[in-house]
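Report on one structure; see the data block that follows.
By convention in this document, chain letters (A, B, ...) are assigned in the order of the sequence lines, proteins followed by strands, and residues within each chain are numbered from 1. Atoms considered below: every heavy atom in the structure, side chains included; atoms not considered: hydrogens, waters and symmetry mates.
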Amino acid sequence: MTDLFQQAVLVSMFAATIRIAAPLLLVSIGELVVQRAGIWFLGVEGSMLMAAFVAYFSAVSSDSLYVGLLAGMATGVVVHLSMAIAAVTLKINQFVTGLGINLLASGLTLFLYRENLRAYDSGHIPTVTPFETVPITGLSQLPILGEILFDQHLFTYFAFAMVGVVWAFLYRTRFGLEIRALGENPKALDTKGLSVSRRQYSALAFGGLMAGLAGSVLVLALTDRFVPGMTGGRGWLAIVIIIAGNWKPLPVLAAVLVFAFLEAFQIQAQGVGVQIPYQLLLALPYIGAIIVMMGVKVRSEQPAHLGVPYHRE
Amino acid sequence: MSNSPPLLKVTGLTKTFGPVVANSDVSFEVERGEILCLLGENGAGKSTLSSCLYGFYRPDGGRIFYDGKEVSFASPRDAIALGIGMVHQHFVLVPPMTVLENIVLGSRDSGLALDLGEARKEVHELCERYDIDLELDTKVWQLSVGQQQWVEIVKVLFLGAELLILDEPTAVLTPQESAKLFRILRRMTDNNLSIIMISHKLDEVLQSDHVAVLRKGNIVDTVRTSDVTKEDLTSMMVGRPVMLQAEREEIDPGETILEVTGLRIRNDKDQQAVKGMSFKVHAHEILGIAGVSGNGQNELFEALMGVRDTDSGQIWLYGDEVTHHGPEQMIKHGVGYIPDDRFKAGLVGEFSLAENAILGLQSNPSFADGPVLNTRRILDFAQDAIQKFGIVTPGPHARTDTLSGGNAQKIILAREFWSATCCILANQPTRGLDVGVIEYVHQMLLEKRREGFAIVLASEELEDIFALSDRIAVVFKGEIMGVFRTDEIDIEQVGLLMAGQRLDAKETKQDAHVTI
């Protein structure tokens with residue numbers, strides 16, 4: 001009896017790990033490409049939050065999850081491209097711009113959320129009917145593993161597939177080679193007559209698409225409504241994950257899984273009523289990140305030109 | 001074939017940056033299969049000119065003809081498409097990538113997939129044709145600077161260049177590597193490629209076919225190399241006759257002033273940069289440190305001045321140990337320091353000339369009464385320095401970053417020569433300076449030698465080392481490969497040691513003419 005109970009708890013915890021990992025993975029993989037292209041974009045949190053906000057209200061007003069999804073992704077792209085204008089074209093300090101985008105996003109979404117809610121009856125907050133999970137026929141029937149891995153949302157499968165796609169892009173295509181060179185020494189491209197800014201714009205657009213998808217998923221699949229500040233530091237965690245994952249796709253995936261597990265563990269522990277201060281549990285992913293970072297410090301693959309605007313002298 | 005047009009013809013090319021005219025009305029031609037050398041001092045406009053030929057800058061006026069047709073470049077892409085390739089003075093490589101990836105990066109290949117197999121074959125053929133050794137799968141950061149130079153050249157050849165522009169290609173090479181470079185360049189011209197080489201090293205300039213001499217943005221003359229001598233070229237470049245080699249009189253060295261034993265120092269990356277160096281420098285003596293930069297020279301000088309801490313080993317001054325003394329104490333001991341990067345380590349660009357002239361001496365009673373600076377005496381001192389060292393400036397209040405490199409260097413000389421009483425540490429004191437100022441700095445160092453100073457001098461220019469030093473220590477990867485009296489060794493042998501090869505013990509100067 002207790003065995004069965006334990007197994008159920010574990011299975012649900014691992015399934016939660018995979019579910020929690022998905023948006024984190026999407027936003028991290030997007031930011032990975034952005035950073036390999038030499039841009040330190042600290043505004044992913046804000047980009048995700050804006051995307052979640054727009055996705056929610058678009059879905060509610062159109063009564064279509066797909067309209068919400070598209071609007072959310074478009075929002076991510078727009079926010080990321082505003083970073084491109086500031087950092088690539090105007091060459092403004094990347095940290096200041098990123099932080100500014102975050103502050104703007106949290107203020108703006110809170111303000112607009114309140115304004116919008118006035119349109120509805122007080123006490124009645126509209127919800128969406130979230131996306132259902134899509135069990136994979138056959139595989140989802142597997143004992144234990146089926147429930148953990150193959151009864152997830154469509155975008156979860158997509159997120160994991162993207163790790164492979166981005167890896168192949170970075171290491172097996174010409175464009176990937178160019179993106180990697182961009183973060184290390186953009187002049188190597190410029191002196192061959194290849195546009196640095198066009199490539200950095202493209203990288204940011206991709207990052208925006210992924211952050212937008214991640215934000216939309218929060219309101220359209222994992223919950224059923226927008227709550228101000230609901231991204232809850234996932235964008236920041238993505239940045240930590242990239243550092244911990246040493247700017248490489250597979251270690252980034254590993255870092256995402258570790259942090260998602262810590263999160264799932266924390267939720268489960270709270271649910272079961274473990275007597276550990278809840279703030280400490282919340283801090284677990286970050287403590288984990290610091291430990292990992294101490295380990296990778298020596299052989300860092302951090303792009304040499306990361307965060308430095310490119311000037312043709 | 002005499003009526004075929006020159007490969008490249010430039011007429012009336014002009015480029016300005018705001019009020020500064022970098023090139024004005026420059027005209028010259030390059031034939032197929034020849035090496036044209038652009039010779040000029042710093043700031044004469046060589047690099048700007050080559051950037052215009054490569055499409056990196058857009059000229060403001062003038063016309064460029066390639067193979068008889070008029071062309072204009074919107075970006076390097078257009079120049080590459082025509083067959084013009086550029087090897088930059090500061091390499092543009094991606095260190096964590098392999099040699100092959102660096103060569104292929106941004107090349108003309110189309111398609112999505114990265115096809116390294118095909119490229120590998122092509123690169124192999126190129127290397128064979130021009131006799132270049134390259135390990136294609138080594139990461140670029142693991143290569144010596146000399147090998148990186150070959151990567152840059154193959155990169156350009158891989159793009160299909162017919163006209164190569166090389167900006168100061170031998171600045172970082174040992175004499176043997178530079179001889180090899182010219183062998184490769186000649187193989188290229190034999191294959192009907194053309195080369196524009198930018199240089200200020202006269203020995204190398206003499207290996208070209210034609211020389212165009214630039215001064216203050218203008219071409220003052222274009223000559224056939226075989227018709228001129230080094231002296232002719234120097235006076236054309238400077239605009240007046242210059243004494244090429246300072247005279248070093250024979251003086252017997254005196255007592256030991258500076259001694260270093262078993263010094264080990266780590267660099268900023270926490271790697272061993274100096275691995276057990278020992279040497280002595282006497283009064284009336286210049287010890288030359290020969291080596292390609294980055295072989296521990298900077299760490300050594302910083303440690304000697306107390307700016308960088310040592311792992312082990314001792315530093316002695318007049319027999320007293322001064323190993324962990326900081327820079328303030330070293331200044332008090334009478335040690336003067338000329339750092340290799342004047343604007344990073346020697347001066348504060350935003351400060352006035354006068355402030356920089358006493359930088360580090362602000363607590364010295366000559367310039368301060370207790371905590372208050374004595375502005376009057378500081379200004380007098382600066383005024384003196386301006387006169388004595390011939391610093392060209394509007395006055396002692398001028399901001400230092402408005403001065404030329406040579407004038408800025410003279411502020412450091414004035415300051416260090418004033419405070420030093422026994423020892424001068426000069427790390428690349430003439431790097432990036434014009435011939436006239438170099439001559440001056442050399443004279444000053446020799447004068448200090450006459451006065452009885454012990455001087456440590458590091459330079460990448462072996463001719464300077466040979467002209468000034470009483471003894472030469474060759475460094476490679478943080479070790480001293482040997483210390484020789486200047487008359488015991490020649491440039492080729494020093495070059496081999498700089499590349500890490502030990503000399504055969506039996507080898508003497510007479511039979512050591514190494515085939516390179």
Rounded distance [0.5 Å steps], OH in Y54(B) versus OG1 in T191(A): 5.0 Å
Could you grab the distance from atom CH2 of W141(B) to atom CD of E184(A), nearest 0.5 Å is fine? 12.5 Å
Spatial distance of atom NZ (K155(B)) from atom NZ (K192(A)) [nearest 0.5 Å]: 5.0 Å
Residues, nucleotides or ligands: over 12 heavy atoms within 6.0 Å of K477(B) NZ: no
How far apart are the C-alpha atoms of L114(B) and Y171(A), what are their side-chain angles, what is the distance that settles it, and do they pass the side-chain contact (heavy atoms from CB on, under 4.5 Å) test? CA-CA 8 Å; L114(B) 187 61; Y171(A) 294 98; over 6 Å; no
Under 4.5 Å to a heavy atom of chain B? For L194(A) that would be side chain
Report, as yes or no, whether the 6.0 Å neighbourhood of atom CD on E135(B) holds more than 12 heavy atoms from other residues, nucleotides or ligands. no
Looking only at heavy atoms and a cut-off of under 4.5 Å, which of I80(B), L93(B), D78(B), L105(B) has the most pairs with chain A? L105(B)
Which heavy atom in D190(A) sits nearest to a heavy atom in P76(B), and how many Å separate them? O-CG, 3.6 Å
By a 4.5 Å heavy-atom criterion (distance strictly below it), what part of F73(B) contacts chain A: side chain, backbone, both, or neither? neither
Quick check for you: to the nearest 0.5 Å, what is the distance between R172(A) atom CZ and L116(B) atom CG? 8.5 Å
Partners meeting ring pair (Phe, Tyr, Trp, His ring centres under 6.0 Å) with Y66(A) (sequence neighbours left out): F131(A)
Measure M86(B) against the heavy atoms of chain A and call it side chain, backbone, both or neither at under 4.5 Å. neither
Between R180(A) and E101(B), does the side-chain contact (heavy atoms from CB on, under 4.5 Å) criterion hold? Intermediate values first, please. CA-CA 11 Å; R180(A) 283 188 289 136; E101(B) 284 175 327; 3.7 Å; yes
